[in-house]
Structure formats: structure tokens, C-alpha cells
Amino acid sequence: MQKRNLISETDIAHLPAIVQKYMHFTKSVGKPKIVNFSAVFKGGMRANQGDPYMPVRTVQYNFIEEPSRFFWFSANKAGLPLTGMHIYQSAGAIFNVLLLNWIPIVKAKGDQLKQAETVTILNDLCFIAPGALIDPRIRWETISDTVARTWFTNPPFTISADMYFTPGGQLLNFISTDRFETDGKQYKNYPWSTPVSGYREFNGYVLPAKASLWYDRPGGKW
């Protein structure tokens with residue numbers, strides 16, 4: 001592979017110092033520049049604060065040049081199969097959930113959802129594909145030695161987030177106030193965070209192995 005297709009020190013020179021450390025920590029420098037990626041997760045999901053967690057499995061595919069994301073999940077609610085999908089592309093964003101693969105529970109679309117999913121795109125880049133953080137559509141500001149603020153523009157939206165690191169460059173959390181929570185009927189704007197509790201190596205990259213996703217609601221985190 002030609003060197004111009006690999007992430008170099010020159011490519012990361014404009015990033016805040018702590019983000020450069022993160023690029024090295026994740027072993028992204030010297031690797032191919034990212035054009036697409038996929039990820040598979042397993043975990044738990046719930047619809048309300050008092051609900052038990054449902055076992056869930058997910059798969060997603062992301063593309064960089066024209067930002068897009070295709071995310072599917074399957075779960076089990078009270079013994080009944082539950083499936084859902086998030087789709088984000090230039091035409092817009094949709095979020096649908098079906099009970100028994102048939103009965104609609106959530107049907108969301110529109111500008112507020114697309115703004116929210118633009119935050120998700122940036123979060124994916126930060127945690128799943130950090131090599132893509134050299135993208136010119138991402139702007140940066142150094143807040144402190146261990147905090148960086150970032151903006152990602154994919155017209156018509158520009159969204160932002162604060163990223164929190166250890167002094168050694170390990171990303172601990174991502175917090176944004178631009179990601180709406182929705183049930184398909186209402187859109188509520190609460191701070192959204194994705195704290196990480198462990199890293200390990202995946203295919204030559206050091207990436208989060210476990211994380212949580214939280215909305216900071218007035219009544220407590222969910």
C-alpha cells in the first residue's frame with residue numbers, strides 16, 4: 001500500500017495534542033486511512049428507567065466519504081422478538097422498532113432525528129474508527145490537557161461534543177448536548193454520554209471493549 005494511503009504524523013499534526021496521543025494509543029497511526037467499517041455488539045437495552053435490560057445484539061456498517069450509517073438490532077421483550085434499525089444517509093435519517101418483526105413500536109424521522117444521528121456518526125468515529133478523526137469536516141479546540149472539544153459538519157448540521165481523556169491519551173467519555181432522545185413522537189434534548197470502561201485489541205487496533213450510553217435526564221441518568 002502506498003504511504004499516502006496510510007495515516008501519518010503529518011495527517012494528525014493539526015489535532016489537539018491529547019487527540020494525537022489517542023491516535024497513537026489506538027494504534028491508528030501507520031494504518032490505512034478509513035473509508036468504511038463495520039462493528040458488532042452485544043449488550044442490554046431498555047426503553048424506560050424502571051424496565052429490566054433486554055439482551056440485544058447489533059450490527060452496523062458505516063461509510064465515510066458520504067457519511068452514512070446502517071444499524072440493526074435484535075432483542076427480546078417479555079419473551080417476544082423485537083427488531084429495530086437506524087439508517088442515516090444524505091436523504092435523511094429513520095429509526096424504526098418492530099415487535100414480532102411486524103408491529104411498529106417506534107417510527108421516527110425528520111430533521112431532529114438526523115441531527116441526533118449526526119452525533120452518533122461522530123461518536124462512532126471517536127470510538128470505533130478513530131483513524132477517521134483526521135477528516136477535514138471535523139474541527140477541534142483544546143479545552144485542557146485532557147479535554148478536547150470537537151465539531152462535525154455534515155450539512156445542514158454542525159454538531160459538537162466534548163471528549164475526555166486520561167493523560168496518556170485513552171478516551172474515557174464523549175458528551176454531547178446535540179443528540180435528541182426520541183420515541184418517535186417526542187424529541188427531548190438531554191446531555192448524552194458514552195463512558196468507556198475497558199479497551200482491548202481488535203484486528204490490530206486498541207478500541208473500547210465495553211461502554212455505556214446515557215441520557216442525563218432531569219430525574220437522573222438513564
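Computation of the quantities below employed the complete heavy-atom set of this structure, encompassing side-chain atoms and omitting hydrogens, waters and symmetry-equivalent molecules.
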Chemist: Can you tell me if T182 uses its side chain to pair, donor with acceptor, with the backbone of G184 under 3.5 Å?
Modeler: yes
Chemist: Tell me whether the guanidinium CZ or amine NZ of K31 lies under 6.0 angstrom from the six-membered ring centre of Y205 and within 45° of its axis.
Modeler: yes
Chemist: State yes or no: do L213 and V119 share one hydrophobic cluster built from I, L, V, M, F, W and Y residues joined by side-chain heavy-atom distances below 4.5 Å, directly or via other members?
Modeler: yes
Chemist: Considering all heavy atoms of both residues, which atom of N173 and which atom of S193 are nearest to each other, and what is their separation?
Modeler: OD1-CB, 3.7 Å
Chemist: Are S8 and D11 close enough that a side-chain donor and a side-chain acceptor fall under 3.5 Å?
Modeler: yes
Chemist: Could you tell me whether the side chain of T166 reaches within less than 4.5 Å of the side chain of L172, counting heavy atoms only?
Modeler: yes
Chemist: Tell me which one of R69, R179, H86 satisfies side-chain hydrogen bond (donor to acceptor under 3.5 Å, both in side chains) with T120.
Modeler: R179
Chemist: Is F63 close to E65 at the side-chain level, that is, under 4.5 Å between some pair of heavy atoms?
Modeler: no
Chemist: Where is the tightest heavy-atom contact between P130 and T26, given as atom of each residue plus distance?
Modeler: CG-OG1, 3.7 Å
Chemist: Strictly below 4.0 Å, N to O, side chains only: are R137 and D135 in salt-bridge contact?
Modeler: yes
Chemist: Of all heavy-atom pairs between M54 and A75, which one has the smallest distance, and what is that distance?
Modeler: CB-CB, 4.3 Å
Chemist: Looking only at heavy atoms, which two atoms of R46 and W222 are closest? And how far apart?
Modeler: O-CZ2, 3.2 Å
Chemist: Could you state the interatomic distance from OH (Y22) to CG (L171), rounded to the nearest 0.5 Å?
Modeler: 4.5 Å
Chemist: Identify the two heavy atoms, one from M23 and one from G131, that lie closest to each other, and give their separation to 0.1 Å.
Modeler: CE-CA, 3.9 Å
Chemist: So, do W72 and Y61 sit near enough that their side-chain heavy atoms are less than 4.5 Å apart?
Modeler: yes
Chemist: What's the separation between atom CG in D216 and atom OG1 in T177, rounded to the nearest 0.5 Å?
Modeler: 11.5 Å
Chemist: Answer yes or no: is there a side-chain heavy-atom contact under 4.5 Å between S38 and V59?
Modeler: no
Chemist: Flag the pair L125 / I64 as yes when at least one side-chain heavy-atom distance between them is below 4.5 Å, and no otherwise.
Modeler: yes
Chemist: Report yes if the side chains of I138 and L133 come closer than 4.5 Å at any heavy-atom pair, otherwise no.
Modeler: yes
Chemist: Is there a side-chain contact between V196 and F174 (heavy atoms, below 4.5 Å)?
Modeler: no
Chemist: Are V206 and M163 linked, directly or through intermediate hydrophobic residues, by side-chain heavy-atom contacts shorter than 4.5 Å (ILVMFWY only)?
Modeler: yes
Chemist: To the closest 0.5 Å, what do you measure between CD (E9) and CD1 (I12)?
Modeler: 4.5 Å
Chemist: Between R149 and D162, does at least one N-O distance fall below 4.0 Å, as a salt bridge requires?
Modeler: yes
Chemist: How long is the straight-line distance from CZ of F180 back to CD of E117, given to the nearest 0.5 Å?
Modeler: 12.5 Å
Chemist: Would you say that more than 12 heavy atoms from the other residues, nucleotides or ligands in this model lie under 6.0 Å from the CG of N189, or not?
Modeler: yes
Chemist: Could you pull out the closest heavy-atom pair between F73 and M85, with the gap in Å?
Modeler: CE2-N, 4.4 Å
Chemist: Looking only at side chains, do Y88 and T118 share a donor and an acceptor under 3.5 Å apart?
Modeler: yes
